[in-house]
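Below, all heavy atoms of this structure are taken into account, side chains as well, without hydrogens, waters or symmetry copies. Please read all numbers here as calculations on a predicted model, not as lab measurements. Counting begins at 1 with the first residue of the sequence.
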Amino acid sequence: VKVGIDPKEDVERIRRIRGAVGDEIRIRIDANQGWSVRRATETLRRLKRFDLEFVEQPVKANDIKGLSQVKRTSPIPVMADESVHTPEDAITVAKAEAVDLINIKLMKSGGIWKARKIAAIAEAANIPCMIGCMGESNIGITAAVQLATATKNIQFADLDSDLMLKQKLVKTGGAGYDDGFRIPQESTGLGNL
């Protein structure tokens, strides 16, 4: 759920969603760098009662010190997204003990090779990862699914961008989707056009 504009609205939106879906559904929030450190700290304390799985990028991407402050005070696990583009960024947030999780996106990190490095750095620092997306077609999603299934430290996924595209670029093959889960293809490659 996108948050990060107005704390009152954010809390009300999450209250309503939790009320509508009940306690069994996991809810994740993404502030997209929308809060200051103070606002993030206050808002996350108010959101604690809704049993959120994690908050993604609560403060500005380059504010690693602020991200670390939020993590130390947050009752909700904190995930870096825009703060980690490269393996070097992963080292920076790990050394600063700034996050509980890292969101890896193939397009953001420069491909599979660098994404694997980020996952390895995070694993060495005991930081679980999520694989995410940024508007990719099924070709990019299939690559992300393959990486996730081959990487123990990638424990969460947010791979839905191709589901929102009007036109399907991959005619046969590619990662499948069933009951909310991504299914890796059994053949090699990324699908056929």
Decide if atom [atom1] of [X] counts as having more than 12 heavy atoms of other residues, nucleotides or ligands within a radius under 6.0 Å.
X: Arg116; atom1: CZ; answer: no
X: Ile5; atom1: CD1; answer: no
X: Gln155; atom1: CD; answer: yes

[X] side chain vs [Y] backbone, donor-acceptor pair below 3.5 Å:
X: Ser74; Y: Pro77; value: no
X: Glu9; Y: Pro7; value: no
X: Lys108; Y: Val84; value: yes
X: Asp89; Y: His85; value: yes
X: Thr73; Y: Val70; value: yes
X: Thr151; Y: Asn153; value: no
X: Ser68; Y: Ala96; value: yes
X: Asp30; Y: Asn32; value: yes
X: Arg39; Y: Gly4; value: no

Residues [X], [Y]: salt bridge by 4.0 Å N-O rule:
X: Asp10; Y: Arg46; value: no
X: Arg28; Y: Asp158; value: no
X: Glu12; Y: Arg16; value: yes

Check step by step if side chain to side chain contact (heavy atoms under 4.5 Å, CB included) holds for Ile76 and Phe50. CA-CA 10 Å; Ile76 300 165; Phe50 301 114; over 6 Å; no
same_hphob_cluster(Val145, Leu147) at 4.5 Å side-chain heavy-atom cutoff: yes
Can you hop from Met79 to Ile154 via hydrophobic side chains spaced under 4.5 Å? no
Quick one: pull up [atom1] in [X] and [atom2] in [Y] and give me the separation to the nearest 0.5 Å.
X: Asp6; Y: Thr43; atom1: CG; atom2: OG1; value: 9.0 Å
X: Glu82; Y: Gln57; atom1: CD; atom2: CD; value: 5.0 Å
X: Cys129; Y: Ile104; atom1: SG; atom2: CD1; value: 3.5 Å
X: Asn126; Y: Asp100; atom1: CG; atom2: CG; value: 12.0 Å
X: Leu44; Y: Leu52; atom1: CG; atom2: CG; value: 8.5 Å

Pairing donors with acceptors under 3.5 angstrom, does anything connect the side chains of Thr41 and Gln69? no
No-hydrogen, no-angle side-chain donor-acceptor test under 3.5 Å, Glu56 and Asn103: yes
Where do Phe54 and Ile29 land on the side chain to side chain contact (heavy atoms under 4.5 Å, CB included) test, with the steps shown first? CA-CA 6 Å; Phe54 53 74; Ile29 60 173; over 6 Å; no
Go through it in stages, so that I can follow the logic: the residues are Asp81 and Lys105, the test is side chain to side chain contact (heavy atoms under 4.5 Å, CB included), and I'd like the CA-CA distance, side-chain angles, deciding distance and then a yes or no. CA-CA 8 Å; Asp81 181 1; Lys105 296 177 179 172; 2.8 Å; yes
In sequence, state the C-alpha distance, the side-chain angles, and the governing distance for Ile27 and Glu53, and then conclude on side chain to side chain contact (heavy atoms under 4.5 Å, CB included). CA-CA 6 Å; Ile27 299 174; Glu53 191 168 26; over 6 Å; no
Indicate yes or no: at least one non-hydrogen side-chain atom of [X] is less than 4.5 angstrom from one of [Y].
X: Val78; Y: Leu101; answer: no
X: Val99; Y: Ser83; answer: no
X: Leu67; Y: Pro58; answer: yes

